[in-house]
Each structure stands twice: as structure tokens, then as C-alpha cells.
J.: 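Below you'll find the structure I mean.
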Amino acid sequence: MAGGGFCRLPNGTVVVALTLTRPADGTGPGGGTEAGPGAPVRVLVHAANRARALTRLRNLGLRAVYLRGNDRPPTPDEVTAVLHHPDGLLWRAAPQPDQAAVRPPALGHHASPPVSSCQELWHPIRALLGPSGYAGPARPAA
């Protein structure tokens, strides 16, 4: 997993941001994005706590989802996006660093991090999982 993190909001809820690989059975060759199967995607989840955020993703069929550390917490723009969405679950292609945008370090300064050119809009989580989505485990007939 490339990175993930969380931030706690003033009302006690959390926003969890994870970078996952796109499922192979998602929509079409990219679902309207440049992210094909296996490409990294950034997933945002708004929940009461971190455990519930990860449970929401696992209930959708994304089983190998873990949050280790807080190396890439959600940006303020990501927090705003997930708070304004009724489902509280969003995704988009993970920003790829521009190699041409890497600037050499100035005298006495560290190298600037690569700037991302990703301007893709956020999508509902159903668009990532495909047209049928995840129906959950089969229930035995009663």
C-alpha cells in the first residue's frame, strides 16, 4: 500500500484517506478515468472512527485494507470533498508525480516534492466497484 492517513474532525468523526490498487473487475478500461485495473486510486471514507471507516470498505469487498501510520493524511480539499458527498465514500485516480516538475534544491534547502497534475473529479465508490457493485456474502435460503 502506497500510503494512507486520517484526520479527526472537531465533531469527533474521522476522514480516512487510503491509496489502494484499482480492482480488476471495476468498470471498463478506466471508468471514465486514466486509471486502469491495478492502477493506484485514492479512496476517502468519512466515518465515526478509523475502525468503522475500514469496515465500510471491507463490507464493499475491499478485503486487504489496512491503515498503518499517518504518512499521507487527507488534504483539506479531500476532507471538503468527502464531507459534501452524501455517501461519505469517494475515489479518484491517485495523483501521479510530474517528473518534469521536480525542481533542484536551492542553496540550503531540500528538493521540492513533485507537483501533481491530477485534476480529476471525485467519483462515488460504486463507480470503482463496477455496475453490479458488491452484493455481499450470499445468504442461505431460509
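Computed from a prediction, not measured in an experiment: that's the story for all the values here.
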J.: Test of understanding: clusters of I, L, V, M, F, W, Y form through side-chain heavy atoms closer than 4.5 Å, transitively. Do Trp91 and Val14 belong to the same one?
T.: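 In one cluster: yes.
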J.: Are Val41 and Leu44 co-members of a hydrophobic cluster defined by side-chain heavy atoms under 4.5 Å apart?
T.: no
J.: Of all residues at least two apart in sequence or in a different chain, which pass the side-chain hydrogen bond (donor to acceptor under 3.5 Å, both in side chains) check with Thr21?
T.: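 Counting only residues at least two positions away or on another chain, Thr21 forms no side-chain hydrogen bond (donor to acceptor under 3.5 Å, both in side chains).
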J.: Carefully, step by step, assess Thr13 and His46 under the rule side-chain contact (heavy atoms from CB on, under 4.5 Å).
T.: CA-CA 7 Å; Thr13 61; His46 181 225; 3.1 Å; yes
J.: Determine the minimum heavy-atom distance between Arg56 and Gly88, stating which atoms define it.
T.: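 Result for this residue pair: NH1-O, 4.0 Å.
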J.: Identify the two heavy atoms, one from Ala17 and one from Glu78, that lie closest to each other, and give their separation to 0.1 Å.
T.: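 Shortest heavy-atom contact: CB-OE1, 4.2 Å.
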J.: For the hydrophobic clusters of this structure (ILVMFWY residues joined by side-chain heavy atoms under 4.5 Å, transitively), does one cluster hold both Val15 and Val43?
T.: no
J.: Please check this pair: side chain of Asp71 against backbone of Gly4, looking for a donor-acceptor N/O pair closer than 3.5 Å.
T.: yes
J.: To the nearest 0.5 angstrom, please state how far the CZ atom of Arg8 sits from the CG atom of Asn49.
T.: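 Between Arg8 CZ and Asn49 CG, I get 7.5 Å after rounding to 0.5 Å.
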J.: Indicate whether any N or O donor in one side chain lies under 3.5 Å from an N or O acceptor in the other, for Asp77 and Thr75.
T.: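 Thr75 and Asp77 do not have a side-chain donor-acceptor pair below 3.5 Å.
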J.: For the side chain of Arg58 and the backbone of Val65, is there at least one donor-acceptor N/O pair under 3.5 Å apart?
T.: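 Yes.
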J.: If you take all heavy atoms of Thr19 and Pro40, which pair is closest and at what distance?
T.: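 Nearest heavy atoms, Thr19 then Pro40: CG2-CB, 4.1 Å.
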J.: Is it possible for you to say whether Phe6 and Leu9 belong to one hydrophobic cluster, with membership spreading through side-chain heavy-atom contacts below 4.5 Å?
T.: no
J.: Are Arg50 and Tyr66 in a cation-pi setup, meaning NZ or CZ lies under 6.0 angstrom from the ring centre and within 45 degrees of the ring axis?
T.: no
J.: Would you check if Val82 and Pro74 make a side-chain contact, meaning some heavy-atom pair closer than 4.5 Å?
T.: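 The answer is no, as the side chains (C-beta and beyond) never meet within the 4.5 Å cut-off.
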J.: Between Asp87 and Leu89, is there a donor-acceptor pair closer than 3.5 Å when you use the side chain of the first and the backbone of the second?
T.: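 No, the answer is negative, given that no donor and acceptor are paired below the 3.5 Å cut-off.
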J.: I'd like to know whether Val45 forms a side-chain contact (heavy atoms from CB on, under 4.5 Å) with Leu18, so could you lay out the CA-CA distance, the side-chain angles of the two residues, the decisive distance to 0.1 Å, and finally the verdict.
T.: CA-CA 9 Å; Val45 185; Leu18 296 167; 5.8 Å; no
J.: When clusters are formed by joining ILVMFWY residues with side-chain heavy atoms under 4.5 Å apart, either directly or through shared neighbours, do Val16 and Val79 land in the same one?
T.: no
